[in-house]
Each structure stands twice: as C-alpha cells, then as structure tokens.
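Presented below is the structure to which this report refers.
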Amino acid sequence: MKLLGRKLDSSAAAHGHEDHVHVMPLPMYFGVFAALLVLTVVTVGVSVIGLPPFLSIVVAIAVATVKATLVVLYFMHLRYENLFYSFIFVSSLFFVLLFFLFTLGDTAFRGFVIPEQDTAVWRNEQVILKREAAAKAASESPAGGAPAAQTPAPSN
Amino acid sequence: MSQKPQSHADSNAGHSGHHGPKYLAHHFFDMAQQNASGKLGMWLFMAQEVLFFSGLFLCYAAGRYFYPETFLAAHELLDWKLGAVNTVVLLFSSLTMALAVRAAQTNNRKAIVTNLLLTILCACIFMVIKYFEYSHKFHLGLLPGKYFSADVASLGLSSVPADFAPGVFFGVYFIMTGAHGIHVLVGIGLMIWLLMRAQRGDFNSENHVALENYGLYWHLVDLIWIYLFPLLYLVR
C-alpha cells in the first residue's frame with residue numbers, strides 16, 4: 001500500500017526487491033548540520049536572554065524538538081524510508097506522551113482533594129468527636145450543664 | 001575500494017547450495033529482505049530506547065515540579081559552556097556517522113573508515129569533557145541524593161532557596177548523564193568493531209545494514225543529548 005507516495009506495509013521485510021536505495025546529496029548533510037548548529041546557538045541565546053520560567057521550558061523543548069526532527073528525518077533517513085519505520089517511531093512518541101500526561105497529571109493535582117476536609121467519613125468523625133467532647137464537658141462541669149448539642153444527621 | 005555487491009548470477013556459479021553473495025544468510029530470500037528485517041528490528045529497538053529515556057525525563061519533570069528553585073539554583077553549578085561544546089561535538093559526530101553510512105551506500109571504503117574514525121574521536125572528546133565535569137563535581141562533593149556533601153554556603157550560588165534539595169538535582173543529573181554516558185561508551189566499543197569490519201572491506205552498497213543500524217543508535221544518543229543539554233544546563 002502506498003501512503004504519501006511512499007510504501008507503508010509491515011511486510012517490508014517479506015518483499016523481494018526494495019526500491020533503489022536513496023542516497024542523499026552531500027550538501028544536504030552539511031545543510032542539516034549547519035541548521036543544527038544555528039539552533040544550538042538559538043537555544044543558548046534564548047536562555048541567556050531569559051524568559052519567565054514556564055515559557056523558557058516550553059521554548060527550550062520546542063527548539064530541541066526542531067533539532068530532533070531534523071536529526072530523525074535526515075540523519076536517520078526516516079524521510080526516505082518505508083513509512084512503517086516512521087509509524088513505529090511515532091507510536092513510541094505517542095506512548096511517551098501518554099506516560100507524561102498521566103503521571104504529570106497526577107503529580108500536578110495532588111492535594112487537590114484534601115481528604116481531611118472533603119469526605120463523609122471525616123465529617124462523621126468530626127460529629128462524633130464533637131459529641132464526645134460535649135459529653136465530657138457536661139460530665140465534668142457541675143451537673144445540670146446544657147445538654148449535648150443536637151447531633152446533625154450525617155450528610156454525604 | 002570495498003568489494004562491489006555480487007549479482008546473483010555470479011555467486012550462484014560454483015557454490016553448491018548457496019543462493020547469493022556470501023553475506024546473504026540462507027534463511028533470507030534476497031538482500032533486500034535481509035536488510036529490511038535488520039532495519040525493522042533496529043527501529044523497534046529505537047522505540048524501546050525512546051521509552052527508556054522517557055522514564056528518566058519524567059523523573060526530571062517530577063523533580064523540577066516539586067523543587068523548581070532548587071533546579072534553578074543548582075544548575076549554576078553546571079558549566080553550560082562545556083555542555084555547549086559537548087552538544088556541538090555530538091552534532092558533528094552525528095554528521096560524520098551519517099556520512100559514513102553514505103560512504104557505504106556509494107562503495108567508498110576509505111570514506112567509511114575516515115568518517116568512523118572521526119565519529120569515534122568525537123565520542124572520546126565527549127567522554128573526556130564528561131570526565132572533567134564529573135571529577136570536578138566529585139571533588140566539590142556535589143553528589144547525588146544523600147551523598148551530597150558540599151558546603152552550600154561556599155558554593156557561591158546567587159540565591160539559595162529555603163527548601164534547597166541539591167541531592168535531588170544531582171541525583172537526576174548523574175542518573176541522566178550517566179545513563180547517556182554509558183550509551184556513548186558502548187557506542188565507542190561498537191564503533192571500533194565496525195571500524196575493523198569496514199577496514200576489512202565488509203561493507204558495500206548492498207550490504208551495510210549493520211552500519212546503518214549503528215547509525216540509528218548513534219543518532220539517538222545525540223538526540224537524547226539534544227534534550228538533556230537545555231533541560232539540565234540552561235535552566236534560567
């Protein structure tokens with residue numbers, strides 16, 4: 001099957017003749033290297049200029065991703081290969097994304113629900129504690145102290 | 001020149017039971033299939049390596065999330081200029097590695113050997129710089145986790161946060177650069193083996209998938225450093 005004009009099939013290994021191996025022209029190698037050097041200078045330059053913390057991480061990762069894309073497409077030759085290899089590589093990135101989303105999602109929202117204040121169990125415990133404290137106060141103070149406060153119905 | 005690829009007709013003659021050039025394993029139909037199988041395996045390994053390092057990067061993300069000021073302060077103890085030099089060295093080594101593969105594609109044995117030598121040289125320069133960085137840190141007591149023993153006041157940091165946890169930062173630093181460094185060392189070893197094979201004339205335009213696959217590994221090592229450098233050395 002062909003997709004985007006290139007082969008995409010998992011039987012890449014099963015086929016007979018592959019297409020003639022694509023040799024990239026020499027200037028392309030040096031061009032990619034020059035671009036990578038420029039992007040390195042940009043990375044350092046942006047950090048020296050200084051940005052607010054969140055933005056600086058985003059920009060640093062964005063520039064690094066552009067460099068990574070160049071390396072993967074051209075040095076690793078993925079641009080000219082059977083699309084199945086791209087599929088394998090991109091799917092690993094997808095799972096990394098999933099990994100980060102779930103883990104950092106948990107990390108960032110810890111303490112969002114504070115168990116001590118937000119559950120029925122805690123609320124019931126407070127009621128019982130109040131009742132006990134009142135009963136204790138009533139028995140310690142001279143008899144005839146105000147009866148214990150009416151216990152509110154436990155609510156969910 | 002490296003040995004030119006042999007056509008089926010040539011190698012069939014006079015070889016009993018041998019169905020292709022001597023570098024074609026008997027269980028493959030032809031070189032195209034053999035090469036594609038090799039490349040498929042290697043790309044699966046690349047996917048694994050990405051996932052492997054993603055765990056370490058997540059560790060960095062969690063550390064930085066909980067101790068942002070620590071990361072900001074402690075990174076001053078890393079020399080970003082050395083890191084930048086290492087970045088350029090690795091980028092150049094990626095170039096020479098890609099050129100080595102291209103040389104194999106064009107049957108240029110001498111160029112394969114030259115480019116592999118350059119790549120090995122760059123890798124060694126990287127490790128030497130890494131050695132200086134590490135030994136400087138050991139000397140100062142900037143060690144991971146509970147082994148951190150430097151006197152914080154004498155480090156000359158511009159600002160020390162109240163919840164300074166340098167052990168966390170250096171734990172992340174040493175694990176990430178250490179795992180990466182081990183990959184570079186293993187890479188150097190493999191490259192020496194490939195260099196010997198290239199010198200022997202093993203590689204030609206039809207049979208160079210070992211070189212190509214190693215190239216993938218080496219570019220991945222470079223990729224990881226491309227991400228490590230700004231995240232560890234350029235925290236501002």
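Naming convention: chains lettered A, B, ... in sequence-line order (proteins, then strands); numbering from 1 in each chain.
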Subject >> Side chain Asn115(B), main chain Ala111(B), donor-acceptor under 3.5 Å >> reply: yes
Original post:
Is there a donor-acceptor pair closer than 3.5 Å between any side-chain N or O of Ser205(B) and the backbone N or O of Thr106(B)?
Top reply: no
Original post:
If you count heavy-atom pairs under 4.5 Å between each of Val50(B), Leu58(B), Leu44(B) and chain A, which one has the most?
Top reply: Leu58(B)
**OP:** Name the region of Phe100(A), side chain, backbone, both or neither, that has any atom closer than 4.5 Å to a heavy atom of chain B.
**Re:** both
**OP:** Taking the six-membered ring for Trp and the single ring otherwise, decide whether the centroids of Trp225(B) and Phe126(B) are under 6.0 Å apart.
**Re:** yes
Subject >> Leu39(A) portion near chain B, given a 4.5 angstrom heavy-atom threshold >> reply: neither
Original post:
When the ring centroid of Phe53(B) is compared with that of His183(B), is the distance short of 6.0 Å?
Top reply: yes
Original post:
Is there a donor-acceptor pair under 3.5 Å between the side chain of Ser54(B) and the backbone N or O of Leu51(B)?
Top reply: yes
Subject >> Atom of Tyr173(B), atom of Leu78(B) and distance for their closest heavy-atom approach >> reply: CE1-CD2, 3.6 Å
Subject >> Region of Ser94(B) in contact with chain A, defined by heavy-atom distances below 4.5 Å >> reply: both
Subject >> Under 4.5 Å from a heavy atom of chain B, the part of Thr40(A) involved >> reply: side chain
**OP:** Considering only heavy atoms and a distance below 4.5 Å, find which of Tyr233(B), Phe229(B), Phe66(B) pairs most often with chain A.
**Re:** Phe66(B)
Original post:
Does a side chain donor of either Glu49(B) or Tyr217(B) reach within less than 3.5 Å of an acceptor in the other side chain?
Top reply: no
**OP:** Measure distances from Gln48(B) to the heavy atoms of chain A and classify the residue's part below 4.5 Å as side chain, backbone, both or neither.
**Re:** neither
Original post:
Does any N or O in the side chain of Glu212(B) come within less than 3.5 Å of the main-chain N or O of His208(B), such that one atom is a donor and the other an acceptor?
Top reply: no
**OP:** Specify which of Leu220(B), Leu99(B), Val88(B) makes the most heavy-atom pairs with chain A at under 4.5 Å.
**Re:** Leu99(B)
Subject >> Contacting region of Val72(A) [heavy-atom separation from chain B under 4.5 Å] >> reply: side chain
Subject >> Atom group of Trp218(B) that falls short of 4.5 Å from chain A, counting heavy atoms >> reply: neither
**OP:** Mind ranking Met97(B), Met46(B), Arg102(B) by heavy-atom pairs under 4.5 Å with chain A and telling me who comes out on top?
**Re:** Arg102(B)
**OP:** Sort Thr65(A) into side chain, backbone, both or neither according to what part of it lies under 4.5 angstrom from a heavy atom of chain B.
**Re:** both
Original post:
Considering only heavy atoms, which portion of Leu223(B) lies under 4.5 Å from any heavy atom of chain A: side chain, backbone, both, or neither?
Top reply: side chain
**OP:** Identify which part of Thr43(A) has an atom lying under 4.5 Å from any heavy atom of chain B, answering side chain, backbone, both or neither.
**Re:** both
Subject >> Toward chain B, the part of Val71(A) with a non-hydrogen atom under 4.5 Å >> reply: side chain
Original post:
With no hydrogens and no angle check, is any side-chain donor or acceptor of Glu69(B) less than 3.5 Å from a backbone partner on Val160(B)?
Top reply: no
Original post:
Side chain, backbone, both or neither: which part of Leu231(B) has an atom under 4.5 Å from a heavy atom of chain A?
Top reply: side chain
**OP:** Could you pull out the closest heavy-atom pair between Glu133(B) and Asp79(B), with the gap in Å?
**Re:** OE2-O, 4.3 Å
Original post:
Quick one: what part of Asp222(B) sits under 4.5 Å from any heavy atom of chain A, side chain, backbone, both or neither?
Top reply: side chain
Original post:
What are the two closest heavy atoms between Phe57(B) and Ile224(B), and how far apart are they?
Top reply: CZ-O, 4.1 Å
